[in-house]
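Before any comments, here is the structure.
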Amino acid sequence: MDGGAVSRPQQITVLGATGSIGLSTLDVIARHPERYQVFALSGFTRVSELLALCVRHAPRFAVVPESGAARGLQDDLRAAGLSTRVLVGEEGLCQVASDPQVDAVMAAIVGAAGLRPTLAAVEAGKKILLANKEALVMSGALFMQAVRKSGSVLLPIDSEHNAIFQCMPQDFARGLGAVGVRRILLTASGGPFRQTPMAELAHVSPEQACAHPNWSMGRKISVDSASMMNKGLELIEACWLFDATPSQVEVVIHPQSVIHSLVDYIDGSVLAQLGNPDMRTPIANALAWPERIDSGVAPLDLFAIARLDFQAPDEERFPCLRLARQAAEAGNSAPAMLNAANEVAVAAFLDGRVRYLEIASIIEEVLNLEPVVAVDDLEAVFTADAKARVLAGQWLSRHGR
Ligand code: NDP
Ligand code: MG
């Protein structure tokens, strides 16, 4: 399947094609037509952008959330002379994620909505390029069990986790464990509010929160980066991907976003992966793994960067990081609750209904109100997710939002 230019091109499904990761993935794919062909693309609200992507990449399938949009897109595709078939909803997403012809699935839908299609790809034994960290955070144990059972190859797209993956012992990818690894050092830029005076944080706007200093990303993950919930979700993600305990993962603020994370070995060696902050590097790494391909990213200019800084995170400034670490330690239903409460709170913040500092208050209240329970199947995960959404909704109505 990884034979490169001599074998047939790999068939790739891109879930969340209209988003930031989806577009970067298609940019890398388009650089290597001899290696990769687009099998399916999905969009949600940006249907005209999806049409343009279909015209460019001529996929076999396109997926949209409902039948009205599907009919319109199908007509437009036909008018453009394309034979792309339009599928609808979660069923359509699961179908293109698990189709026998597909080699690899880029899971780049944002949030809990990506869980079922990503799991469908896992269960079908596909190579999974995992950007949708919320899916793994919600269902970690079940997700990893499904990966082991199907023999699916799971490759992290999150820049930090892709960096850690690259710094792991060579045999790690063959399932031989993290031999000799002492700690994982998960780097974080600190986002746009790293140095904002605490008093000003009460009044920051969604636009300020989304103005990330180093990365250009979708709006939800941009707010998560500002609150450092993103790093909290990544801590949980790292524990599952690299079989680590929460205490083995240390968060390090590194404002330049040049070192994407590090692995500390028991002999004192610390391995790091560096690169310009451009998601096409981890995407190309995962697409071609274990080979290497051109990603279109400019070479790193260390002289222009000149210095690399590090500092410990301040949990008073970033309470979401503390809440995520607590959820990581509690395990079971706690990460799914944390994730769902965060999704509701961030959506309300982006809508102008809650203030930035209230995001953490909502999540903390939800976690305090609902006891942690075991999650033995997917239904239990979605029950925890739904309960957290109800409780977060109650917070909103109690506060008149
Ligand atoms: P975007 O918001 O840019 O894109 C999200 C994609 O998901 C879009 O294609 C969107 O469709 C689709 N989508 C949104 N809601 C739904 C839904 N309910 N059902 C089906 N599809 C939906 O996000 P990003 O690309 O930034 O992030 C995607 C994932 O990758 C997230 O989990 C994020 O945490 C992760 N990630 C992103 C990084 C980045 O640099 N951007 C870095 C590391 C991880 P539409 O746009 O048509 O509405
Ligand atoms: Mg990341």
Side-chain angles (χ1 to χ4, degrees), residues 13-27 40-54 62-66 69 73 87-94 96-97 106-118 128-138 155-165 186-191 210 212 214-225 227-238 241 251 254 257 259-261 273 275-283 286 297 339 342-343 346-347 350 385:
T13 282
V14 184
L15 303 176
T18 46
S20 161
I21 292 287
L23 295 176
S24 294
T25 304
L26 292 171
D27 180 282
L41 297 174
S42 87
F44 195 64
T45 56
R46 288 178 270 196
V47 179
S48 53
E49 283 86 341
L50 182 62
L51 172 65
L53 294 175
C54 289
V63 189
V64 289
E66 46 86 30
L73 179 61
L87 304 176
V88 181
E90 194 167 72
E91 203 181 314
L93 294 171
C94 292
V96 298
M106 167 55 79
I109 288 174
V110 60
L115 177 55
R116 278 206 177 89
T118 306
I128 311 293
L129 315 177
L130 184 72
N132 179 207
K133 66 191 85 183
E134 296 92 343
L136 185 57
V137 166
M138 289 172 74
L155 298 165
I157 295 298
D158 222 332
S159 56
E160 296 78 2
H161 304 73
N162 185 269
I164 296 162
F165 181 75
L186 188 65
T187 54
S189 68
C210 288
H212 196 279
N214 307 333
W215 297 94
S216 151
M217 308 181 286
R219 282 169 75 77
K220 190 261 178 183
I221 185 178
S222 295
V223 176
D224 286 349
S225 299
S227 69
M228 284 194 80
M229 177 55 88
N230 183 49
K231 214 46 56 180
L233 298 176
E234 290 184 358
L235 187 162
I236 300 170
E237 186 186 9
L241 288 172
V251 174
H254 163 49
S257 297
I259 297 181
H260 297 304
S261 278
Q273 186 259 3
N276 286 318
D278 185 323
M279 289 306 293
R280 291 177 302 172
T281 293
I283 290 168
V297 176
N339 177 66
N342 181 57
E343 284 191 27
V346 170
L350 284 170
D385 174 278

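One-based numbering, in listed order, for ligands and for the atoms of each.
- Between Arg116 and Glu91 there is no salt bridge, since no side-chain nitrogen of the basic residue lies less than 4.0 Å from a carboxylate oxygen of the acidic one.
- Under a 4.0 Å criterion applied to the non-hydrogen atoms of Asn132, ligand 1 contributes the atoms 32 (O).
- In Ala108, the part holding a heavy atom less than 4.0 Å from any atom of ligand 1 is the backbone.
- Rounded to the nearest 0.5 angstrom, His212 NE2 and Arg219 CZ are separated by 14.5 Å.
- Per residue Glu160, closest N, O or S atom to the Mg ion (ligand 2): atom name OE1.
- In the vicinity of Gly19, heavy-atom distances shorter than 4.0 Å reach the ligand 1 atoms 1 (P), 3 (O), 4 (O), 8 (C), 9 (O), 25 (O).
- Per residue Asp158, closest N, O or S atom to the Mg ion (ligand 2): atom name OD1.
- Side-chain N/O atoms of Asn339 and Asp385 include no donor and acceptor closer than 3.5 Å.
- Set against the non-hydrogen atoms of Ala113, the atoms of ligand 1 under 4.0 Å away are 17 (C), 18 (N), 19 (N).
- The shortest N or O to N or O distance between Phe44 and ligand 1 is under 3.5 Å.
- Side chains of Glu234 and His161: no donor on one and acceptor on the other come within 3.5 Å.
- Contact between Lys133 and ligand 1 is present, with at least one heavy atom of the residue lying under 4.0 Å from the ligand.
- Between Thr45 and ligand 1, at least one pair of N/O atoms sits closer than 3.5 Å.
- Under the side-chain hydrogen bond (donor to acceptor under 3.5 Å, both in side chains) test applied with Glu160, the options Lys133, Lys231, Gln273 reduce to a single match, Lys231.
- For ligand 1, the atoms sitting less than 4.0 Å from at least one non-hydrogen atom of Ala131 are 30 (O), 32 (O), 35 (C), 36 (N), 44 (C), numbered in the order shown with element in parentheses.
- When each of Asn276, Asn162, Val297 is tested with Thr281 by the rule side chain to side chain contact (heavy atoms under 4.5 Å, CB included), just one qualifies, namely Val297.
- For ligand 1, the polar-atom distance check against Gly16 finds a nitrogen or oxygen pair separated by under 3.5 Å.
- Close N/O approach between Ser20 and ligand 1 is found [any backbone or side-chain N/O within under 3.5 Å].
- Atom OE2 is the N, O or S atom of Glu234 at the shortest distance from the Mg ion (ligand 2).
- Heavy atoms of Glu134 found under 4.0 angstrom from ligand 1 belong exclusively to the side chain.
- For ligand 1, the polar-atom distance check against Thr18 finds a nitrogen or oxygen pair separated by under 3.5 Å.
- Under 4.0 Å from ligand 1, heavy atoms of Arg46 appear from its side chain as well as its backbone.
- Contacts of Ile221 with ligand 1, taken as heavy-atom pairs under 4.0 Å, involve the side chain alone.
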